[in-house]
Amino acid sequence: MLEPNVVSYTSLMAGYINMGQPQIALLLFQKMLGNLVWPNEFTFATVIKACSMLADLITGKQIHTHIETFGFQYNLVVCSSLVDMYGKCNDVDGARRVFDLMGCRNVVSWTSIIVAHAQNAQGHEALEMFREFNYQSRDRPNQHMLASVINACASLGRLVSGKVAHGVVVRSGCEFNDVVASALVDMYAKCGSVNYSDKVFNRISNPSVVTYTSMIVGAAKYGLGRFSLDLFNEMISRGIKPNDVTFVGVLHACSHSGLVDEGIQHLDSMYRKYGIIPDAKHYTCVVDMLGRTGRLDEAYKLAKSIQVDPDGGPLLWGTLLSASRLHGRVDIAVEASNQLIESNQQVANAYVTLSNTYALAGEWENVHSLRSEMKRTGIHKEPGCSWVEIRDQTYAFYAGNALFERGSEVLSLLRELERKMKERGYVGGKTGLVFVDVEDEAREEIVGLHSERLALAFGLISIPKGITIRIMKNLRMCRDCHDVFKLISDIVERDFVVRDVNRFHHFRNGSCSCGNFW
DNA sequence: ATAGGGTTAG
């Protein structure tokens, strides 16, 4: 074209973006301005998307300035793209500033701000924005928004909110959407209910590689390594190509179920069979796999040989460090913590874990000198904690602290569990957190027992099935809601669902007002 | 010619 106009330039830029080359789109934008062709709202939405793909905040801000000089700062699509760009560049405040100034918002702009919060470790704010959307907007949430909301629930470990979102998914008719299903599978696994993950997964007739990967990772977290590997084989036999994340899941599964030889075989087959070149994250899984079973020298040798970027290094050395602690290998623990301290990342973790390794080896002088050095230099580690969510209450647990409500009951329960697990072949402590010589069935029983008994201790599963039915008969639901209720009941257990439906459904004058789920 | 969603190792 002798004189390409704004449409030709923008089309070409969009083409490069679709082909995954946002950098070239930005060069074209420069060239366009040089040729005195003036951009419009289509152009700006396109170049801002290029910036979000590159997570290039500096260029993004420059173009934001252009947008204001050209007067497009009130355009809905341009603003939505800006909100997304700031979010992808980890500038949540920037995203929020643009969003708050928007005069008009739609589902896309709300989704963008929810994602901006959810992907930057602000799950509570993400859920708050979803609540605000339902309150302010006349629009219904769609599959994009719900997938993001479920993602926020997953990152917070909020099972009840996740189930409510699941209810909205069913009502909105997007429960068989592949992205939504993947988010649900992941959410249930992260919220402690992998059996629900499985139920959701089994309802999807053509799961994608991501859906399979979510389920593989979910099963792996629960020590169901054999199940993860079966899923992987099933996926391959259905002709679905695995990706790099799938192999992280498979290696993770092998690592956490003590399947070292199979793990190594999978690593070898990655490139040979599927053309995926293993990178630092895969080798880190293998370091973990070797380290967990006590093959520390091999793990160390492998760790030293891996080329890592600044993000991967801390994860790699942190992995080796915790394996060293597990097996009391002071020599390697020192090396690994030095690597962490030098990279100036996870320094507090390095100090504490090294100190614990010394303690395990009985080298108390080293323990004390490390601890006093931490005090002197002001290095403080935030203690980790676990929590369960029951109705509207969150109960948090810290190591060594049984001073919470009904703490002594939970402690004696855990002691009994530990005894039973040992009876069945669980080996704790120095030999690593791997189930040894336990049949899959027995393992499932142990895991099942664990969550169920813990829940019982807090009265979580206190509603007998019979009462559930009585409650159902007393409810008056419209046909639509009743159908939805039955659908959800198929997926998750009844006694949980009744409570959720009750809580978020308002029944007035004996009729069902189903407009407000949240 | 334009904006939004899911899986990732310690």
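Chain letters run A, B, ... following the sequence lines, proteins first, then strands; residues in each count from 1. None of these values were measured; they are calculated from a predicted model.
The separation between A:R292 atom CZ and B:dA9 atom C1' is 10 Å, rounded to whole Å. For A:M215 and B:dT8, the CE to P distance is 13 Å, given to the nearest whole Å. Separating the NZ atom of A:K281 from the P atom of B:dA9 is a distance of 10 Å, rounded to the nearest angstrom. Atom CE in A:M85 sits roughly 15 Å away from atom P in B:dA3 (whole-Å rounding). One atom, CG of A:N177, and another, P of B:dT7, lie 14 Å apart when rounded to the nearest Å. Note: CE (A:M32) to P (B:dA1) measures 15 Å, nearest angstrom. In this structure, A:N75 places its CG atom 16 Å from P of B:dA1, rounding to the nearest Å. Remark: C1' of B:dG5 and CE of A:M129 are 17 Å apart, rounded to the nearest angstrom.
A sub-4.0 Å separation between OP1 or OP2 of B:dG6 and a side-chain N or O of A:K190 is absent. Distances shorter than 4.0 Å separate some side-chain N or O of A:K88 from OP1 or OP2 on B:dG5.
Judged as a side-chain hydrogen bond (donor to acceptor under 3.5 Å, both in side chains), and not counting sequence neighbours, A:Q21 has no contacts. Residues that satisfy the side-chain contact (heavy atoms from CB on, under 4.5 Å) test with A:A359, not counting sequence neighbours, are A:W364, A:V367. In this structure, A:D261 has no side-chain hydrogen bond (donor to acceptor under 3.5 Å, both in side chains) partners at least two apart in sequence or on a different chain. The salt bridge (charged side-chain N to carboxylate O under 4.0 Å, His left out) search around A:D230 returns none, not counting sequence neighbours. With sequence neighbours excluded, no residue forms a side-chain hydrogen bond (donor to acceptor under 3.5 Å, both in side chains) with A:Q307.
Geometrically, A:R203 does not engage A:F176 in a cation-pi contact, judged by NZ or CZ lying under 6.0 Å from the ring centre and within 45° of the ring axis.
Using a 4.0 Å heavy-atom criterion, one finds that A:D244 contacts no nucleic acid atom at all. A:V180 comes within 4.0 angstrom of a nucleotide base, judged by non-hydrogen atoms across all strands. Among the atoms of the strands shown, base atoms are found under 4.0 Å from some heavy atom of A:S208. Note on A:T213: a base of the nucleic acid sits closer than 4.0 angstrom, heavy atoms only. Within 4.0 Å (heavy atoms only), A:Q119 reaches sugar-phosphate atoms of the nucleic acid but no base atom.
For DNA chain B, no neighbouring residue in residues 91-105 of chain A is found when judged by any heavy atom under 4.0 Å. Taking every heavy atom of residues 33-57 of chain A and every atom of DNA chain B, pairs under 4.0 Å involve A:N40, A:E41, A:F42, A:A45, A:T46, A:K49, by number.
A donor-acceptor contact under 3.5 Å links the side chain of A:D178 to the base of B:dG6. Side-chain to base pairing of A:N142 with B:dG4: one donor and one acceptor N or O lie within less than 3.5 Å of each other. Counting atom types as modelled, A:S112 pairs no side-chain N or O with a base atom of B:dG4 as donor and acceptor under 3.5 Å. Interface remark: the A:S80 side chain does form a donor-acceptor pair with the B:dA3 base, using a distance-only criterion of under 3.5 Å. Side-chain to base pairing of A:S148 with B:dG6: no donor and acceptor N or O lie closer than 3.5 Å to each other.
In the set B:dG5, B:dT7, B:dG6, the nucleotide with an atom closest to the side chain of A:T211 is B:dG6. Closest to the side chain of A:V107, out of B:dG4, B:dT2, B:dG5, is B:dG4. Relative to the side chain of A:V7, the nucleotides B:dG5, B:dA3, B:dA1 differ in distance, and B:dA1 lies closest. Nearest to the side chain of A:V245, among B:dG6, B:dA9, B:dT7, sits B:dT7. Distances from the side chain of A:A183 to the nucleotides B:dT8, B:dG4, B:dG6 place B:dG6 closest. When each of B:dG5, B:dT7, B:dA9 is scored by its nearest atom to the side-chain atoms of A:V210, the top-ranked nucleotide is B:dT7. Considering only the side chain of A:N243, B:dT7 comes nearest among B:dT7, B:dG5, B:dA9. Listed nucleotides: B:dG4, B:dT2, B:dT7. Nearest to the side chain of A:D186: B:dT7. If you check B:dA9, B:dT7, B:dG4 against the side chain of A:T284, the one that comes closest is B:dA9. Across B:dT8, B:dT2, B:dG5, the shortest atom-to-atom separation from the side chain of A:V179 is found for B:dG5.
For the atom pair NE2 of A:H66 and CZ of A:F44, the computed distance is 7.0 Å after rounding to the nearest 0.5 Å.
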*asked:* Let's go through A:K281 and A:D244 carefully: what are the C-alpha distance in whole Å and the side-chain angles of both, what is the deciding distance for salt bridge (Lys or Arg N to Asp or Glu O under 4.0 Å) to 0.1 Å, and is it a yes or a no?
replied: CA-CA 9 Å; A:K281 57 182 183 287; A:D244 54 335; 3.1 Å; yes
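Listed by first then second residue, pairs satisfying ring pair (Phe, Tyr, Trp, His ring centres under 6.0 Å) with a partner in residues 138-158 of chain A number zero, not counting sequence neighbours.
Within the 4.5 Å cutoff, the side chain of A:F133 has heavy atoms near those of the A:M145 side chain.
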Contacts table for residues 210-220 of chain A: side-chain donor-acceptor under 3.5 angstrom, sequence neighbours left out:
residue: A:T211; atom: OG1; partner: A:D178; partner atom: OD1; Å: 3.0
residue: A:T211; atom: OG1; partner: A:D178; partner atom: OD2; Å: 3.0
residue: A:T211; atom: OG1; partner: A:S182; partner atom: OG; Å: 3.0
residue: A:T211; atom: OG1; partner: A:S208; partner atom: N; Å: 3.4
residue: A:T211; atom: OG1; partner: A:S208; partner atom: OG; Å: 3.1
residue: A:Y212; atom: OH; partner: A:E234; partner atom: OE2; Å: 2.6
residue: A:Y212; atom: OH; partner: A:R238; partner atom: NH1; Å: 3.0
residue: A:T213; atom: OG1; partner: A:V209; partner atom: O; Å: 2.6
residue: A:T213; atom: OG1; partner: A:T246; partner atom: OG1; Å: 2.9
residue: A:S214; atom: OG; partner: A:V210; partner atom: O; Å: 2.9

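Across all non-hydrogen atoms, the minimal contact from A:A280 to A:V308 is CB-CG1, 3.8 Å.
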